[in-house]
Amino acid sequence: MSRYEPAVTEAKWQAAWEAAGVFTARRDPAKPKYYVLEMFPYPSGRIHMGHVRNYTMGDVVARQKAAAGYSVLHPMGWDAFGMPAENAAMERGGHPKTWTYGNIADMRAQMKPLGLSIDWSREFATCDPEYYGQQQAMFIDMMAAGLVYRKAAVVNWDPVDHTVLANEQVIDGRGWRSNALVERRELTQWFFRISDYSGELLAALDGLTHWPEKVRLMQANWIGKSRGLQFAFETVGAPAGFAALEVYTTRPDTLLGASFAAISPDHPLAKALEAGNPGLAAFVAECRRGGTTEAALETAEKMGFDTGIRVKHPLDPARELPVYIANFILMDYGTGAIFGCPAHDQRDFDFATKYALPIPPVFCAEGGDEAALTEAYTPLKSERVRYLRGFAGAEVQTGEEAVAAAIAHFETRGIGKGVTNYRLRDWGISRQRYWGCPIPVVHCATCGVVPEAKTNLPVKLPDDVTFDVPGNPLDRHPTWRNCACPKCGAPARRETDTMDTFVDSSWYYARFTAPHATTPTVTEDADYWMNVDQYIGGIEHAILHLLYSRFFARAMHATGHLPAKAIEPFNALFTQGMVTHEIYMGSVVTEGPSLKVDADGNQFQSIGVTRVKFYLPEEVVRIDISGKPEAVLLSALTDKNIDPANRQAVEDFWATERYAPLPTVGRELPILTVIPSAKMSKSKKNVVDPMNIIQAFGADTARWFVMSDSPPERDVEWTSSGAEATSKHLARVWRIADEISRADAPANAEDAALDRATARTIADVTQGIEGFAFNKAVAALYAFTNTMSKSTAGAGAKRAAMLAMAQLMSPMVPHLAEEIWAMLGGAGLVAQAAWPKADPALLVEDSVTLPIQINGKRRAEITVPKTMAASEVEKLVLADEDVIRFLAGQPVKKLIVVPGRIVNVVV
RNA sequence: GCGGAUGUGGCGGAAUUGGUAGACGCGCAGCGUUGAGGUCGCUGUGGGGUAACUCCCGUGAAGGUUCGAGUCCUUUCAUCCGCACCA
């Protein structure tokens, strides 16, 4: 009997698909279209298991939809701009372009053997001038549409390297290379007016019914709509031009609990005061130290500086509040100034405690009384509370009612107004870096800031650059910066900022519909293919990438590059989990056993000192000792001529070495610690290279494994034993098919049962795939394999069942499916066969087994016809022997019959 | 700090969405096949108790709602993701 050989078979079928052009997407007005897209990868150079899982999921969907009669678009490209290419150039020389395109070639070569149903003719990289040139054209259109502007914004400034740092390059407030303390510095930068769309982006979330609820919630919180009061404090002792201090608050009902006002260190008033007050200037400088991230600002120690200025309370002008500069007030939100109500905000409470400010409560629990607070009292806004210092609305009311009443009070008196605010800020796209899309703008002495002429696009990145000096090579390029003003022709200078790489990934889905066009999109293609029917990617993109893409689609529509139906570009979204793996932690001896002296002068025997070292899975031999995971070092076995495949010998080695003394200095300990289930990362060395798996077991094994067990939205643990088991299972399916192809048993009484099981499996697998529960589809196929293996049905029925199984497996393991399909004489390619349909008549069960609970515990069961009336079931239950015995004569209080499900007898 | 999620046997996980907890797989144990090992096939496998049973306990922890809770509510612990210049 022959064997199933993935290496031969997989290459054969990939060639067959290519020859038949099976995956080329075609605009076919006769068919419904289906556009499935996985988030495109950054070309790091190596694919990892997360990629395999992500793309296999998309492939399962794409292949199943193609079989179900859709015209499918399933493209692939590269998110190719970004910092790692520049870092590589800095570290080992060379050019970011060479590095990037080399990586793309490597990764494409690793992806092809997976047998994905991708239309490779549509491939592009965002660093192709043909792509970013079209992006520049859209930027110019967006400028014309008023969606782009410039303003000052803060960046992380490295004062030693004189460069702008990314947030990830700031470690504990210091630059990653220079180790200098980072400063927040203002630069004039380019922005997209995404905040003009805040309300719409929020409201439209309701229509995204096929998006995960959690993603919609995260986006809604990110956009952060709030209703509040804006009013001005009258200042006392402020410099000229600051007679009033505008503040915004979402809790105007707590205004009588205000004990101070505070402004951001970046507030114009703070800047005005800096010049004449060295102490204040030093404090503001202190506030500007450290990174720009919200997490850094929020977790920093809360600090304030009394400006000496006072403001008059708007409801009681006799009362004056001190004005502080406080490091936790954000200039970007509201007006950059607040009033503090320490009784009902923990941050304000801490601040008031620190600076000995009063903490008057505004309200207390509904039935409570005024009492001193030991922490801020912050009930939900929907909760009813009793106002001790209210000024609008009833004494007892909810926070929401009180806020509305307070706003109305201010508006009636004309001293403030209700304002809807959003947390969402405009999208800063300027990057002071080389490896990105140049912003197509020219600075002219007479014309000012002018967009480049479209005929001069693309504004290409110059190739002759070096990365030996920190900073932006474009900025110091001798000739690239000099150009002619597109308006007046006079000598001018190019903008040297490049675009945030999020811009690149905000429209690639649209470009795939016409990837080689000389305009950003082509109307007919966008009309046919948009929207993306199923988008698949990681949850880490839940906010930024997806929100920017939603904005960009709207901007593209506003500038005529997408139809109105595409302003929400992703009809359905699926967020998949990570692939995790055990970590193997070992030790290297750095110091041998010796006599030592402790702090009290006593001698003691040290057993030696070791340093932790992590090992790759392929450096390790993994065993289970009475169910517990253990591992030994492969090199330690080979040193002693122990065969790693001989389990007993490995176990003996483990048992003897386990308590052995430390080896000599510089050697590694042969026994390793196994840490279960951690995110794959290079530093922990727990990365599994998909290429090794494909070489050892074939692509189908890798594909089947990442689809089985874990629900796709959850993390999956990669285990070598699981991969082996998968490989064995696929070989078993092939063996069963092989036997069936040579069987000749006549039709018999078992055929009907197998037909029913086949129908059941078709229904379960189809439902599993369509509902993104690939693990359940796989489980149904496992169960069906057992059924097939045990069935004594005739050869005809078995052959039909196996052909259906090949089709049902084909989205997950397309190569094996083709092989079985061909072996059993299926017509054409399984990749082009119509998806099987279950005969509904075979799915109907005519009887059902009902469990019987007595007081909620299962005590018996009865089997009844499915259509039996509840009253009939009740009679049968009460007559059941087991039920009678359990009831032991007690009266039945209640009898609950859930048709088709369960019966509960309550006594 | 803020926002979002997750937690079920030795392990990955299932549970028709409030209705028999542990499907399916790994691992482990026994039997068979094989010259041995592996492969392959069959059977068993949450914990505890019992001569036996239709017994008791059990879904991170603690409370609650319900005839009935892994599923809903409250509190709490742990882990993961995001926080606007990583992609």
Side-chain angles (χ1 to χ4, degrees), chain A residues 39 41-42 44 79 81-84 155-156 164-170 212 214-215 217-218 220-222 224 292-300 302 328 332 346-347 424-433 500-502 505 538-545 547-548 575 577-578 624 626-629 645-648 676-677 679 708-711 713-717 719 721-722 724-726 728-729 731-732 735 767 773 775-776 778-783 786 789 849-853 855-861 882 885-886 893-896 898 900-907:
Chain A
M39 289 180 186
Y42 179 79
S44 60
D79 189 11
F81 275 136
M83 290 200 310
V155 294
N156 300 306
V164 178
L165 299 177
N167 284 333
E168 71 160 10
Q169 297 172 321
V170 178
K214 61 181 169 186
V215 174
L217 187 57
M218 279 191 259
N221 288 338
W222 183 261
T292 55
T293 68
E294 194 180 315
L297 297 175
E298 290 285 326
T299 51
K302 308 292 175 284
F328 57 88
D332 289 316
Q346 190 58 42
R347 210 161 48 175
L424 181 65
R425 310 198 294 259
D426 275 334
W427 175 10
I429 60 154
S430 281
R431 298 293 182 269
Q432 293 71 41
R433 272 182 257 286
D500 178 7
T501 56
F502 273 124
S505 57
I539 185 69
E540 67 271 23
H541 298 290
I543 295 173
L544 293 179
H545 163 61
L547 191 60
Y548 289 152
T575 55
M578 296 180 300
D624 280 279
S626 49
K628 285 234 168 95
N646 183 340
R647 224 204 97 139
Q648 192 55 51
S677 198
K679 179 180 172 177
S708 55
D709 290 354
S710 281
E713 67 274 20
R714 285 246 285 268
D715 295 349
V716 64
E717 168 80 2
T719 61
S721 60
E724 262 172 60
T726 298
K728 281 184 200 170
H729 175 258
R732 182 175 179 228
R735 243 185 352 263
Q767 200 192 344
N775 56 321
K776 289 185 210 168
V778 167
L781 286 165
Y782 266 115
N786 285 336
S789 145
T849 301
L850 294 178
I852 300 172
Q853 294 184 336
N855 285 338
K857 293 203 172 183
R858 184 181 173 282
R859 298 298 186 186
E861 63 180 35
D882 291 331
R885 192 154 45 78
F886 262 99
K893 278 193 199 149
K894 203 170 172 185
L895 189 58
I896 296 148
V898 184
R901 288 282 169 79
I902 201 167
V903 179
N904 197 3
V905 185
V906 186
V907 295

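In what follows, every chain begins at residue 1, and chains take the letters A, B, ... in the order their sequences are listed. Since the structure is predicted, the reported quantities are computational estimates derived from the model, not experimental observations. Heavy atoms only: backbone and side chains are in, while hydrogens, waters and symmetry mates are out.
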Self-check item: Any residue meeting salt bridge (charged side-chain N to carboxylate O under 4.0 Å, His left out) with Glu294(A), in chain and number order, not counting sequence neighbours
Solution: Arg423(A)

Quiz item: Can you tell which of A14(B), C85(B), G1(B) lies closest to the side chain of Lys776(A)?
Solution: A14(B)

Quiz item: Does Gln346(A) CD have over 12 foreign heavy atoms under 6.0 Å away?
Solution: yes

Practice problem: Give one of base, sugar-phosphate or nothing for Gly428(A), where a contact means two heavy atoms less than 4.0 Å apart. | Solution: sugar-phosphate

Practice problem: Give the minimum heavy-atom separation between Tyr42(A) and Pro84(A), together with the two atoms involved. | Solution: OH-CB, 3.3 Å

Exercise. For residues Val903(A) and Leu895(A), determine if any side-chain heavy atom of one lies less than 4.5 Å from a side-chain heavy atom of the other.
Key: yes

Exercise. Would you classify G37(B) as syn or anti? Syn applies when the glycosidic angle is within 90° of 0.
Key: anti

Quiz item: Within this structure, what is the CD-to-P distance between Gln169(A) and A84(B), rounded to whole angstrom?
Solution: 14 Å

Quiz item: Can you list the residues that meet the side chain to side chain donor-acceptor pair (under 3.5 Å) rule with Asn167(A), with sequence neighbours excluded?
Solution: Asn156(A), Thr292(A)

Quiz prompt | Phosphate OP1/OP2 of G25(B): any Ser708(A) side-chain N/O under 4.0 Å | solution = no

Quiz item: Is Ala295(A) touching bases, backbone alone, or none of the nucleic acid, heavy atoms closer than 4.0 Å?
Solution: base

Quiz item: Considering only C85(B), C83(B), U20(B), which nucleotide approaches the side chain of Ala166(A) most closely?
Solution: C85(B)

Quiz item: If you look at every strand shown and take non-hydrogen atoms under 4.0 Å, does Val170(A) touch a base, only sugar-phosphate, or nothing?
Solution: nothing

N/O to N/O distances under 3.5 Å, protein versus nucleotides 3-8 of chain B:
from	atom 1	to	atom 2	distance (Å)
G3(B)	O3'	Asn221(A)	ND2	2.9
G3(B)	O2'	Asn221(A)	ND2	3.0
G7(B)	OP1	Arg714(A)	NH1	3.2

Quiz prompt | Nearest-nucleotide 5' precedence on RNA chain B, Val778(A) against Val155(A) | solution = Val778(A)

Quiz item: Should Asn775(A) be listed as having a side-chain N or O under 4.0 Å from OP1 or OP2 of C24(B)?
Solution: no

Self-check item: From G19(B), A23(B), C26(B), nucleotide with atom closest to Ala725(A) side chain
Solution: C26(B)

What's touching nucleotides 39-44 of chain B from the protein side, N or O pairs under 3.5 Å?
from	atom 1	to	atom 2	distance (Å)
U39(B)	OP1	Lys728(A)	NZ	3.0
C40(B)	O3'	Arg735(A)	NH2	3.3
G41(B)	OP1	Arg732(A)	NE	2.8

Quiz item: 5'-most contact on RNA chain B: Gln432(A) or Val898(A), nearest heavy atom basis?
Solution: Val898(A)

Quiz item: C85(B) phosphate, OP1 or OP2: any side-chain N/O from Arg431(A) under 4.0 angstrom?
Solution: yes

Quiz item: Can you tell me how far C1' of A14(B) sits from CG of Leu781(A), to the nearest Å?
Solution: 15 Å

Quiz prompt | Between A87(B) (P) and Phe81(A) (CZ): distance, integer Å | solution = 12 Å

Quiz prompt | Gly428(A) versus Asp500(A), closest heavy-atom pair with distance | solution = O-OD2, 4.3 Å

Quiz item: What is the distance from NE2 of His541(A) to P of C81(B), rounded to the nearest Å?
Solution: 13 Å

Quiz item: Heavy atoms, side chains only, cut-off 4.5 Å: are Lys776(A) and Gln767(A) in contact?
Solution: no

Quiz prompt | Minimum-distance nucleotide to Pro84(A) side chain [options: C24(B), A84(B), A87(B)] | solution = A87(B)

Self-check item: Lys214(A) side chain near Ile539(A) side chain, heavy-atom distance below 4.5 Å
Solution: yes

Exercise. Nearest whole angstrom, please: distance from the C1' of G1(B) to the CD of Glu294(A).
Key: 9 Å

Practice problem: Please list, chain by chain and in numerical order, all residues satisfying ring pair (Phe, Tyr, Trp, His ring centres under 6.0 Å) with Tyr548(A), sequence neighbours excluded. | Solution: Trp427(A), Phe502(A)

Quiz item: Is there side-chain contact between Leu424(A) and Leu547(A), with heavy atoms separated by less than 4.5 Å?
Solution: yes

Self-check item: Base-paired stems in RNA chain B, each at least three Watson-Crick or G-U pairs under 3.5 Å
Solution: B:1-7 with B:77-83, B:10-12 with B:24-26, B:27-32 with B:40-45, B:46-48 with B:55-57, B:60-64 with B:72-76

N/O-N/O pairs, protein side and nucleotides 53-55 of chain B side, under 3.5 Å:
from	atom 1	to	atom 2	distance (Å)
U54(B)	O2	Arg859(A)	O	3.3
U54(B)	N3	Asp882(A)	OD1	2.8
U54(B)	N3	Asp882(A)	OD2	3.2
U54(B)	N3	Arg885(A)	NH2	3.3
U54(B)	O4	Asp882(A)	OD1	3.2
C55(B)	OP1	Arg859(A)	NH1	2.4

Practice problem: Using a 4.0 Å heavy-atom cut-off across all strands, classify Leu424(A) as base, sugar-phosphate, or nothing. | Solution: base

Distances for protein N/O vs nucleotides 66-71 of chain B N/O pairs under 3.5 angstrom?
from	atom 1	to	atom 2	distance (Å)
C67(B)	O2'	Asn904(A)	ND2	3.4
C67(B)	O2	Asn904(A)	ND2	2.4

Practice problem: Could you give the distance separating G22(B) and U16(B) at their P atoms, to the nearest angstrom? | Solution: 13 Å

Quiz item: Taking atom types as they are modelled, is there a donor-acceptor pair under 3.5 Å from the base of C26(B) to the side chain of Glu724(A)?
Solution: no

Quiz item: Roughly how many Å is it from CD in Gln767(A) to C1' in A15(B), rounded to a whole number?
Solution: 14 Å

Quiz item: Which part of the nucleic acid does Phe502(A) contact within heavy-atom distance under 4.0 Å: base, sugar-phosphate only, or nothing?
Solution: base

Practice problem: Specify the separation, in whole Å, of atom CD of Glu168(A) and atom P of C83(B). | Solution: 11 Å

Exercise. Only counting residues at least two apart or in another chain, list the ones meeting side chain to side chain donor-acceptor pair (under 3.5 Å) with Arg347(A).
Key: Glu298(A)

Quiz item: Among all residues two or more places apart in sequence or in another chain, which pass the side chain to side chain donor-acceptor pair (under 3.5 Å) test with Asn221(A)?
Solution: none

Quiz item: For A84(B), does OP1 or OP2 lie under 4.0 Å from any side-chain N or O of Asn167(A)?
Solution: yes

Quiz item: What are the two closest non-hydrogen atoms of Ser789(A) and Arg732(A), and how far apart are they?
Solution: OG-NH2, 3.4 Å

Quiz item: How would you label the contact of Ser505(A) with the nucleic acid (heavy atoms, under 4.0 Å): base, sugar-phosphate, or nothing?
Solution: nothing

Exercise. Taking the side chain as every heavy atom from C-beta outward, state whether Glu168(A) and Met83(A) have any atom pair closer than 4.5 Å.
Key: yes

Practice problem: Return the minimal non-hydrogen interatomic distance between Ser708(A) and Asn775(A), and the atom names on each side. | Solution: C-CB, 4.2 Å

Quiz item: What are the two closest heavy atoms between Ala542(A) and Met218(A), and how far apart are they?
Solution: CB-CE, 3.9 Å

Practice problem: Return the set of residues passing ring pair (Phe, Tyr, Trp, His ring centres under 6.0 Å) with His729(A) (not counting sequence neighbours), or none when no residue passes. | Solution: Trp704(A), Tyr782(A)

Practice problem: Output all residues satisfying side chain to side chain donor-acceptor pair (under 3.5 Å) with Ser430(A), sequence neighbours left out; order by chain, then residue number. | Solution: Asp497(A)

Quiz prompt | Listed nucleotide nearest any side-chain atom of Ala779(A), set C86(B), C83(B), C24(B) | solution = C24(B)

Quiz item: For U17(B), does the glycosidic angle fall within 90° of 0 (syn) or outside that (anti)?
Solution: syn

